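Values in this document were obtained by computation on a predicted structure and should not be read as measured data. First listed ligand is number 1; within each ligand, the first listed atom is number 1. Start at 1 with the first residue, then count along the sequence.
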Amino acid sequence: MEAANKLLAPTPIQYLETLPGGQEVFIKRDDLLGFSFGGNKCRIGAEFLEDMRRQGADFMVSYGSRRSNLNRVVASMCKSQGIPCLIISSEEDGEQDGFNAALVDFMGAGRVFCKKDSVAGTVGNTLQALRSQGHKPYYIYGDAHGMGNEETARSAYRKAYREIRLWQEHAQAEFEAIFLASGTGMTQGGLLAGKRQQHGREKIIGISVAREAGPGAAAVRRYAGEGEEEVCFEADYRCGGYGRYDGEIEGVIQRMMERHGIALDPVYTGKAYAGMLRWLERYGEGMKKVLFIHTGGLPLYFDYLNGRMGVGR
Ligand SMILES: *Cc1c(COP(=O)(O)O)cnc(C)c1O
């Protein structure tokens, strides 16, 4: 079995709190996945490495923002298996490196930067350059436009959905809804594929961390694959876009650490938990049990603390 895969044991589902509206909130601790600080990108990264091995490729190429959790995990998994790795990052205005980028550096991955509007060109050129050096590169998203590798990404949370299904069967309990932070749609799409496969009934509600409703839902549908599921992609809680947050989100982060000792970050999980609370206030009447998936992102919690302490962000 893959070295990275074998560290990914099923994660706990724990009771967390009961909300004023009466809903019991449970949390699935994918932040505790046992490789390089955990998170959903461990499951997804392990699928990419496995797919790469199947294809006989020898050079990993990943893409994401400077602060990407995916890039951290991919760089780390590649290092542990002796696979050379290049990380392409788009440069957002004013965005600086955080702990994820530091780990990418420490793991010895190369870094390439490009503007948001020249990603496809940069990916294409990078792959071409590696081929001309005699490598067989593997690009995690498929082609230079980021299409074609949906099935690999989907399989991660299609499998994780099984853990949730089994828990419900053992506990003889049903979640009416599963909430998560949704970005590229790989995680939510995978969950929807799992739900379809296993005839689940719960709503799977993605709280958008960046994208608007239309394109966001379309991306989720693409990762979900065949089928006519309704996609619940909620874009009302984005707080102005990727990486933006407000006092309400900060309050949720603070309370979660104080009461439960669980770290949420402002970019993904804190924003999503705050969004879930708002959503349940509006639409959650009569719901009894809901599940929040903690998708990880722990280095971003420390970036946040650094900012709070006035250390350079
Ligand atoms: C990437 C990420 C998400 C979003 O997952 P997608 O599959 O891109 O939708 C949520 N939470 C954390 C912590 C992430 O790093």
Using the test ring-ring contact (aromatic ring centres under 6.0 Å, His included), find all partners of H260 that sit at least two apart in sequence or belong to another chain. none

For a ring-ring contact (aromatic ring centres under 6.0 Å, His included) with F179, tell me which candidate from Y273, Y283, F233, W279 qualifies. W279

Please tabulate, one line per pair, the protein N or O atoms found under 3.5 Å from any N or O atom of ligand 1, giving the distance to one decimal.
unit_1   : atom_1 : unit_2 : atom_2 : d
ligand 1 : 5 (O)  : N40    : ND2    : 3.1
ligand 1 : 5 (O)  : T187   : OG1    : 3.4
ligand 1 : 7 (O)  : T184   : OG1    : 3.4
ligand 1 : 7 (O)  : M186   : N      : 3.3
ligand 1 : 7 (O)  : T187   : N      : 2.9
ligand 1 : 7 (O)  : T187   : OG1    : 2.6
ligand 1 : 8 (O)  : T184   : N      : 2.9
ligand 1 : 8 (O)  : T184   : OG1    : 2.6
ligand 1 : 9 (O)  : G183   : N      : 2.7
ligand 1 : 9 (O)  : T184   : N      : 3.2
ligand 1 : 9 (O)  : G185   : N      : 3.0
ligand 1 : 11 (N) : T295   : OG1    : 2.6
ligand 1 : 15 (O) : K41    : NZ     : 2.8
ligand 1 : 15 (O) : N69    : ND2    : 2.7

Share the residues that join F37 in a hydrophobic cluster, the rule being Ile, Leu, Val, Met, Phe, Trp or Tyr side chains under 4.5 Å apart at the heavy-atom level. L103

Go through K115 and D117 one step at a time and tell me if the salt bridge (Lys or Arg N to Asp or Glu O under 4.0 Å) criterion holds. CA-CA 5 Å; K115 293 278 175 228; D117 56 9; over 6 Å; no

For D143, salt bridge (Lys or Arg N to Asp or Glu O under 4.0 Å) partners two or more places apart: none

Taking all non-hydrogen atoms of both residues, which atom of F175 and which atom of E202 are closest, and how far apart? O-CB, 3.1 Å

